**Q** 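I have a structure I would like to understand better, so I am pasting it below and will then ask my questions one at a time.
In what follows, chains carry the letters A, B, and so on, assigned in the order in which the sequence lines appear, proteins first and then strands, with residues in each chain numbered from 1. Because the structure is a prediction, the values reported are computed rather than measured.
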There are 2 protein chains.
Amino acid sequence: MRMSELSRLSGVPVATIKYYLREGLLPAGRQLSATQAEYDEQHLRRLRLIRALIGVRGLSVSTTRELLGALSEYTGDTHRLLGLALGAIRLTEDTEQDVPELADVEALVTELDWNVHKAAPARATLAETLASLRTLGVPLDRHTLLPYARLAERTAVLDLDQLQGIEDPLEAAERALLLTVLLEPALMALRRMAQENESARRHAEAGD
Amino acid sequence: MRMSELSRLSGVPVATIKYYLREGLLPAGRQLSATQAEYDEQHLRRLRLIRALIGVRGLSVSTTRELLGALSEYTGDTHRLLGLALGAIRLTEDTEQDVPELADVEALVTELDWNVHKAAPARATLAETLASLRTLGVPLDRHTLLPYARLAERTAVLDLDQLQGIEDPLEAAERALLLTVLLEPALMALRRMAQENESARRHAEAGD
DNA sequence: CTAACATAGATAGTGAAGGTATCCAATGAT
DNA sequence: ATCATTGGATACCTTCACTATCTATGTTAG
């Protein structure tokens, strides 16, 4: 298919597709001549993935590029891909300064007996958030955090279960990305709804 | 204290503080004269909160303004405040178009027997994410989503527990905001670490 | 009292991010 | 042969979150 058809099928303007090509998010089409290139189903699929990561999850173009790079590089090695994908995303900008809470995180990981890479950015994200909360007068200690971590553990089991039994390695890789990254807004939405429900429950019990 | 001292104590540049005042994120100080105003501990506290919401959680200035507005308006009514706070945040931009997955969300909420407002933005966020996943070939049905929702339920219980036993209504309101909003990056970080751990566990079991 | 400096508030400018729009030469369809 | 379409290059635009400058007024040290 031509670029115009790719645009029509995906709903993404031609100018934007060109932009993604320039930025290296979308691989170039098969060159037919100096001014013609052909795109296929893979491109359409990739384009939809890009829109989901940027539009739904709110990732930046550069983060998306890293993620997609990991996807093509580690197709077939889901474990490695997962590591790369998890590492590529930063929820907070990294301040890169040593925050004292890193020790708390280390202690928590040890207590949980988790096998997590020493340099995992998630550690820094967690430490930074804890530091911020402490500054604001809400110090969360390990004791408080532990049950949250146990629930995260069970969430991760559900996540990994979803990846079982997929034979096509490309599909497995893509699904790993989608489930780890794109599911985040959904999980946060579930938590918000659950909070509203729980709040209503307690409010009704206590007062009128 | 003067603005310069507020700046020094918070680490936020004077120009930025003026910007937050203009944008209505920070209440004006007590006017001493035409060109002098005094700020107090409350302002410092508020300023730190603003930086955390914008810097750590990555909220936009306008979302932060809504949130802080809800905070001053509903101090003392934690249940109402929570509703406002949960509603003010949108993880995804709202497409506002009726996506078929809204029915699935409705069914899920019914099955869970949750008391969630019909117009809660979290419903739309969830529906939109599900729609996106379906388009990408990963249709998550209610059956798959249910265990995630159950875990969210238990997370919400932990969240609400944190708010128990705080007597000062302003402090309770602020903490509600912090725990619902600022804890999100921390929970996602925990999930990422748990995934890495779970992936390592299964990888080790299966292969070498 | 006065000179030097600080401050509040208004207005304008900056830089990054994420697109959009315009050109143009080379096709491909009619 | 003609004429709209395409790919590629380049320039432009808009939003966001600040940041800098300017001015009139205050404060303070000598």
**Q** Between B/T180 and B/D159, is there a side-chain heavy-atom distance shorter than 4.5 Å?
**A** no
**Q** Closest to the B/Q31 side chain: C/dG9, D/dA17, D/dA9?
**A** C/dG9
**Q** Just compare D/dG26, D/dG7, D/dT19 and give me whichever is closest to any side-chain atom of B/P13.
**A** D/dT19
**Q** From CZ of B/R2 over to C1' of C/dG9, roughly how many Å is that when rounded to an integer?
**A** 15 Å
**Q** Would you mind telling me which residue lines up with the more 5' stretch of DNA chain D, B/V61 or B/Q36, judged by nearest nucleotide?
**A** B/V61
**Q** Mind calculating the distance between OH (B/Y19) and P (C/dG9) to the nearest angstrom?
**A** 18 Å
**Q** NA contact type, B/A15, heavy-atom cut-off 4.0 Å: base, sugar-phosphate, or nothing?
**A** base
**Q** More than 12 foreign heavy atoms under 6.0 Å from CD of A/Q164: is that the case here?
**A** yes
**Q** Please compare B/S4 and A/S62 by the position of their nearest nucleotide in DNA chain C and report the one closer to 5'.
**A** B/S4
**Q** In whole Å, what is the span from the CG atom of B/L25 to the C1' atom of D/dC18?
**A** 12 Å
**Q** Measure from CD1 on B/I54 to C1' on D/dC16 and round the result to the nearest Å.
**A** 11 Å
**Q** Is it the case that over 12 heavy atoms from other parts of the model lie below 6.0 angstrom from the CZ atom of B/R80?
**A** no
**Q** Using whole Å, what does the distance between atom C1' of nucleotide D/dA17 and atom CG of B/L26 come to?
**A** 16 Å
**Q** Taking the side chain of A/R51 as heavy atoms from C-beta outward, which of C/dG19, C/dA12, C/dT20 is closest to it?
**A** C/dG19
**Q** Confirm from the modelled atom types if B/R22 and D/dT19 form a donor-acceptor pair under 3.5 Å, side chain to base only.
**A** yes
**Q** Might you point out which heavy atoms bring B/S10 and B/L47 nearest each other, and give the distance in Å?
**A** OG-CD2, 3.3 Å
**Q** Stepwise, does the side chain to side chain contact (heavy atoms under 4.5 Å, CB included) test hold for B/E198 with A/E153?
**A** CA-CA 8 Å; B/E198 182 66 17; A/E153 214 164 36; 5.8 Å; no
**Q** Between B/S33 and A/L21, just flag the one whose closest nucleotide in DNA chain D comes earlier from the 5' side.
**A** A/L21
**Q** From C-beta outward on B/T16, which listed nucleotide comes closest to its side chain: C/dG19, D/dC18, D/dG7?
**A** D/dC18
**Q** Nearest whole angstrom, please: distance from the P of C/dT20 to the NZ of A/K18.
**A** 13 Å
**Q** Would you kindly give the CD-to-P distance between B/E5 and C/dA6, to the nearest whole Å?
**A** 15 Å
**Q** Taking only the side-chain heavy atoms of A/M3 (C-beta and beyond), determine which of D/dG7, C/dT27, D/dA24 contains the nearest atom.
**A** D/dG7
**Q** Whole-Å distance between C/dA8 C1' and B/R30 CZ?
**A** 16 Å
**Q** Which nucleotide, D/dG7, D/dA24, D/dC18, lies nearest any side-chain atom of B/Y20?
**A** D/dC18
